[in-house]
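Computed from a predicted structure; not experimentally measured. Atoms considered below: every heavy atom in the structure, side chains included; atoms not considered: hydrogens, waters and symmetry mates.
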Amino acid sequence: MKNPMLEAVSLVLEKLLFISYFKFFSSGAPGEDKAGNTLYEISSFLRGDVLEVPRTHLTHYGIYLGDNRVAHMMPDILLALTDDKGLTQKVVSNKRLILGVIGRVASIRVDTVEDFAYGAEILVNHLDRSLKKKALLNEEVAQRAEKLLGITPYSLLWNNCEHFVTYCRFGTAISPQADKDISKCTAQECGNAVPLPATPESCPVIAAEVIRVSTQRS
């Protein structure tokens, strides 16, 4: 059963997070005019590794699939406007990304390492240490990512690139950076707001199995 109050609070927090991330979306997203001249040691990446790209306001995550391919979740409004894969498979531009966040539509897509990192530094499996969790076998991680390729709902709070990666890597969809920013928003903008539960019933999470269950219950 949907909780109107919870959904209202979630909507407010998502808007606050979007505002706080706007500088990142407007200056650090792929597909704009930055040069991608950085050379990456692709041979050092293993299939199933988590690749992390730290930015000023957030970190972008992906799963390395091998052969210079990275699976990652990207907001993209074009997915709601056309089925033409020739258009949607192009590198997601800045405007497409911003409107995708607003429209809550994304895809788990495959790009090259260069297009994924967009000239930034890449950290490998840093989440293993920061979360202090035991990772699944790399091949299982990669297979989980491949199974989830395609269009998915998007939410800064409940279904972002970090939820996708942590589900694939550890079996549980979590987003520490979203939780951290929620705390900042509630403290700075919302006062002493009541903490939200981990995931509202109305919001699908990254695991395909859970998405199906949520759909059946609604």
Side-chain angles (χ1 to χ4, degrees), residues 1-22 24-25 29 50 52-55 57-63 71-80 92 96-109 127 130-131 133 136 141 144-145 147-190 193-218:
M1 180 180 297
K2 295 182 178 180
N3 185 323
M5 180 62 72
L6 181 58
E7 290 198 344
V9 174
S10 297
L11 181 60
V12 169
L13 287 174
E14 286 212 18
K15 288 183 180 296
L16 292 173
L17 284 179
F18 177 73
I19 293 171
S20 71
Y21 289 163
F22 187 80
F24 165 77
F25 290 139
V50 172
E52 308 175 34
V53 180
R55 299 286 190 178
H57 296 283
L58 55 83
T59 299
H60 187 53
Y61 296 88
I63 300 292
H72 60 132
M73 183 187 293
M74 283 292 289
D76 184 3
I77 193 60
L78 200 57
L79 297 167
V92 178
R96 285 166 57 186
L97 186 153
I98 293 172
L99 293 175
V101 173
I102 296 172
R104 297 188 176 189
V105 59
S107 70
I108 296 170
R109 54 181 285 146
L127 275 179
S130 62
L131 296 183
K133 286 183 174 290
L136 301 172
V141 173
R144 281 171 171 253
K147 182 180 179 181
L148 293 172
L149 293 177
I151 297 177
T152 181
Y154 184 81
S155 167
L156 285 170
L157 290 179
W158 314 115
N159 196 36
N160 62 41
C161 65
E162 193 172 21
H163 289 106
F164 161 64
V165 162
T166 53
Y167 168 73
C168 294
R169 184 75 175 174
F170 308 111
T172 304
I174 57 175
S175 179
Q177 66 179 342
D179 294 341
K180 180 179 179 180
D181 287 327
I182 288 172
S183 298
K184 288 182 180 179
C185 285
T186 55
Q188 296 175 4
E189 306 291 343
C190 303
V194 177
L196 294 176
T199 305
E201 296 177 7
S202 60
C203 294
V205 295
I206 191 61
E209 294 83 358
V210 180
I211 290 176
R212 285 197 293 270
V213 172
S214 298
T215 301
Q216 292 170 358
R217 289 180 177 176
S218 60

Within the 4.5 Å heavy-atom criterion, are His60 and Glu52 side-chain neighbours or not?
no
Any side-chain heavy-atom pair of Phe164 and Thr152 under 4.5 Å:
no
For the residue pair Ala106 and Pro75, what are the closest heavy atoms and their distance?
CB-CA, 3.6 Å
Val105/Asp76 under side-chain contact (heavy atoms from CB on, under 4.5 Å): CA gap, chis, key distance, verdict
CA-CA 6 Å; Val105 59; Asp76 184 3; 5.9 Å; no
Any Thr172 side-chain heavy atom under 4.5 Å of Thr166 side chain
no
Does a side-chain heavy-atom distance below 4.5 Å link His163 with Ser175?
yes
When rounded to the nearest 0.5 angstrom, what distance separates CG in Leu156 from CD1 in Ile102?
10.5 Å
For residues Leu149 and Ala71, report the shortest heavy-atom separation together with the two atoms involved.
CD2-CB, 4.1 Å
Shortest non-hydrogen separation from Pro176 to Leu131 and the atoms involved
CG-CD2, 3.4 Å
Any non-hydrogen side-chain atom of Ile174 less than 4.5 Å from a side-chain atom of Lys133?
yes
State, with a plain yes or no, whether a side-chain heavy atom of Glu162 is found less than 4.5 Å away from one of Leu127.
yes
Is a donor on one side and an acceptor on the other found under 3.5 Å between the side chain of Arg144 and the backbone of Tyr167?
yes
Report yes if the side chains of Arg104 and Asn159 come closer than 4.5 Å at any heavy-atom pair, otherwise no.
no
To the nearest 0.5 Å, tell me how far Cys161 SG sits from Gln177 CD.
6.0 Å
Hey, does Tyr61 have a side-chain heavy atom less than 4.5 Å from the side chain of Arg169?
no
Which one of Val141, Leu136, Val50 satisfies the side-chain contact (heavy atoms from CB on, under 4.5 Å) criterion with Cys168?
Val141
Could you state the interatomic distance from CG (Leu97) to CG (Leu78), rounded to the nearest 0.5 Å?
12.5 Å
